[in-house]
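Scroll down for the structure; my scribbles are underneath it.
Just so we're clear, the structure is a prediction, and the values are computed from it rather than from any experiment. Proteins get letters first, then strands, A, B, ... in listed order; numbering begins at 1 in each.
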There are 2 protein chains.
Amino acid sequence: MSKRVTINDVARTAGVSRQTVSRALNDKGEIDGSTKQRVLDAVRELGYRPSRFARGLVRQDTTTIGLVIPDLLNPFFTEVAAGALEAARARGWHVIVYDTAGSVEEERGTIEVVVSQVDAVVGYFSLAESELDAHLSGMPAVLIGREHRTPRFSSIRIEGAAGVREAVDHLVAKGHRRIGMLDYEGRAEPSIRRAWFADAMNAHGLAADAVGNAVQSVDGGAEALTDLLAKHPDLTAVFTFNDIIAVGALRAARRLGRAVPDDLAVVGFDGLQLGTVVDPALTSVALDTRRVGALAIEQAGRLLAGEPQLPSEELLVNAVLLVREST
Amino acid sequence: MSKRVTINDVARTAGVSRQTVSRALNDKGEIDGSTKQRVLDAVRELGYRPSRFARGLVRQDTTTIGLVIPDLLNPFFTEVAAGALEAARARGWHVIVYDTAGSVEEERGTIEVVVSQVDAVVGYFSLAESELDAHLSGMPAVLIGREHRTPRFSSIRIEGAAGVREAVDHLVAKGHRRIGMLDYEGRAEPSIRRAWFADAMNAHGLAADAVGNAVQSVDGGAEALTDLLAKHPDLTAVFTFNDIIAVGALRAARRLGRAVPDDLAVVGFDGLQLGTVVDPALTSVALDTRRVGALAIEQAGRLLAGEPQLPSEELLVNAVLLVREST
DNA sequence: TTGAAAGCGTTACCAT
DNA sequence: ATGGTAACGCTTTCAA
């Protein structure tokens, strides 16, 4: 392993002082054209690259954000990540991506490591705020898709009540009365999305009694719909926890000989691009996923700068009904 | 913007020297239990986090890799990225992700910035090696999916000739004789995949004369298949440049009333998970995308360490036929 | 077990 | 236009 080329080496071969090298490299004025060229030649010749550490130490201006997501292969998180990357790039910031593989253990390890590598964290965490706080050592943190309890944290919330209401209205207007739901079975309690669904149904005097659980995958969705339909053959529509599950439901419906949307309408949640790939394209209660990522970055920036935080109502991403072909 | 809490502040409040703080934080032995506790308390109280720059400057051990991809929303790149992240994590390295949005301009900007932020780059580049070299200042770089000409670079190659041959064999065995292809129209020349296809066809004494071009999107694939079928209604099978285009072809086939696989067989390339989401699931000449990412990281590591590079034949990822339902 | 001093590679500031 | 000196915040000797 060859020794690092430093600014001193460049200075020596160019026959100038290191300050001059610095000037040449950073386009500070006050430098003779020929001197500059000589320095640049030496730089190229030696293959010199400034140490980001030394540079970061003296000019406190490089910002790096840690983006923590459970699974980069899940298109939902990918879309959010894309939004975050874009927003960060616009500010000239860097994003280190950490994939926790949906494991609490990996999440712990990530938190441990992230503290010493970035200026702020943003992302999806499953740990309790107390534990996060203990390991984050005061680092600015923005939780996505989850309410924060301690003022120490900040969060981007997803508001879907109105969107789900829209979806149910839409289904009812199409004549559906028996509408089921495929919830996410990962957590112990029913999801908030299920509550939104129940409220919307009740508003129409309809019962939200046909609810199944699905694991977070296409196969999970397919399986869950098959079960649900076996128990409730009279359903003419289903609302699902998210688009991944909905895509599975679409497949199961086809296997069961139920034409979508005629024999069974399907509504997802998230509004992923994935929904446009399937046939029929998926109607969904859509989130601006890009905005979710962008907001998280924006908020992290304010935290970092000590600026006033965005007002609570701006930290909210509203889901709206996106009608495509499955209803 | 409050001033940074430094190790000196901690030392002062804990009533020790900063070396002792360093010891307490880095679990170096030779420190009294109570002293350590006192330091840790001070750290928590002040919310102290060591500067990664200062630390990186003295211990030269944090490695950060830049991952450059054209589009994080394209599942192919996402899968490669996931593989790279996983491999990097296994080594305790960090990955900064740069999305160049498929634009040469953004790519230039990225290169410019990446030099001063990471220890090595890995990814998909469209710039010429000469230009890359000029801006990379000797930084180790691994090109993915593209052959390198200059020994200064390293590359992970995709070998699909055998896989495509398998695919055509498979189709022929199923009785297909008129097989078309949907190539990628982004570049000026026909793709190498098209050459693989032509070779495989010729080996069976078949003509590879029905070839259309598609832009890299689902819609693009749909449109292109429609056109191709209009020109060559006798085709009973199509091979596509990649899975994205194939998924579009699947949709177009359905719209045209061509049942897949009975009236039209479809074979993609890449073997993305996306292919399992559509119905029928896509047969594809599959790549181990995870391995592509992992190899790139591995190779970058060797370059960084000055170790002997992987032999050329290991820098190769072979595509193999993955038969699902669309054939 | 603890502390003092040196140095990591760079830029900012002040001379010249 | 160029160079000298002092930071930046931390860890690593080496002494005590």
Check your understanding: Among residues 8-24 of chain A, which contact DNA chain D at a heavy-atom distance under 4.0 Å?
Key -> A:Val16, A:Ser17, A:Arg18, A:Gln19, A:Thr20, A:Arg23
**Study point:** Any residue of residues 45-59 of chain B with a heavy atom less than 4.0 Å from an atom of DNA chain C
**Key:** B:Leu57, B:Val58
Exercise for review: List the steps and the verdict of side chain to side chain contact (heavy atoms under 4.5 Å, CB included) for A:Glu298 and A:Leu310.
Suggested key: CA-CA 9 Å; A:Glu298 160 77 20; A:Leu310 284 171; 3.6 Å; yes
Review point. Closest heavy-atom contact between A:Asp99 and A:Pro70?
Key: OD1-O, 3.0 Å
Check your understanding: Which is it for B:Gln273 and A:Leu73 under the side chain to side chain contact (heavy atoms under 4.5 Å, CB included) test, yes or no, and what are the steps along the way?
Key -> CA-CA 9 Å; B:Gln273 297 200 358; A:Leu73 292 179; 4.0 Å; yes
Check your understanding: Are any of the side-chain nitrogens in B:Arg108 or B:Glu131 under 4.0 Å away from the carboxylate oxygens of its partner?
Key -> yes
**Study point:** A:Asp32 and A:Arg38 ion-paired at < 4.0 Å
**Key:** no
Review point. Taking CZ from B:Arg38 and C1' from C:dT2, how many angstroms apart are they, rounded to a whole number?
Key: 11 Å
Practice item. Could you tell me whether B:Arg91 atom CZ has more than 12 heavy atoms of other residues or ligands within 6.0 Å of it? Key: yes
Review point. Which residues satisfy the side-chain contact (heavy atoms from CB on, under 4.5 Å) test with B:Asp41, sequence neighbours excluded?
Key: B:Gln37
Review point. Can you name the nearest heavy-atom pair linking A:Met139 to A:Val118, along with the distance?
Key: CE-O, 3.0 Å
Practice item. For the helix from C:dT1-D:dA16 to C:dT16-D:dA1, figure out the bend between the end axes, five pairs an end, and round to 10 degrees. Key: 40°
Review point. Taking atom C1' of C:dG3 as reference, at what distance in whole Å does atom NZ of B:Lys36 sit?
Key: 19 Å
Check your understanding: Mind checking whether B:Leu85 and A:Tyr98 have side chains closer than 4.5 Å, heavy atoms only?
Key -> no
**Study point:** Those residues that, when tested against B:Thr6, pass side-chain contact (heavy atoms from CB on, under 4.5 Å) (two or more places apart)
**Key:** B:Asn8, B:Asp9
Exercise for review: Provide the start and end nucleotides, 5' to 3', of the part of DNA chain D that has atoms under 4.0 Å from heavy atoms of chain B.
Suggested key: D:dG9 to D:dT12
Practice item. State the CZ-CZ distance between A:Phe153 and A:Phe125, to the nearest 0.5 angstrom. Key: 8.0 Å
Practice item. Output, in order, the C-alpha distance, side-chain angles, deciding distance and verdict of side chain to side chain contact (heavy atoms under 4.5 Å, CB included) for A:Asp133 and A:Thr150. Key: CA-CA 9 Å; A:Asp133 188 32; A:Thr150 332; 5.8 Å; no
Review point. Between B:Arg290 and B:Asp288, is there a salt bridge with N-O shorter than 4.0 Å?
Key: no
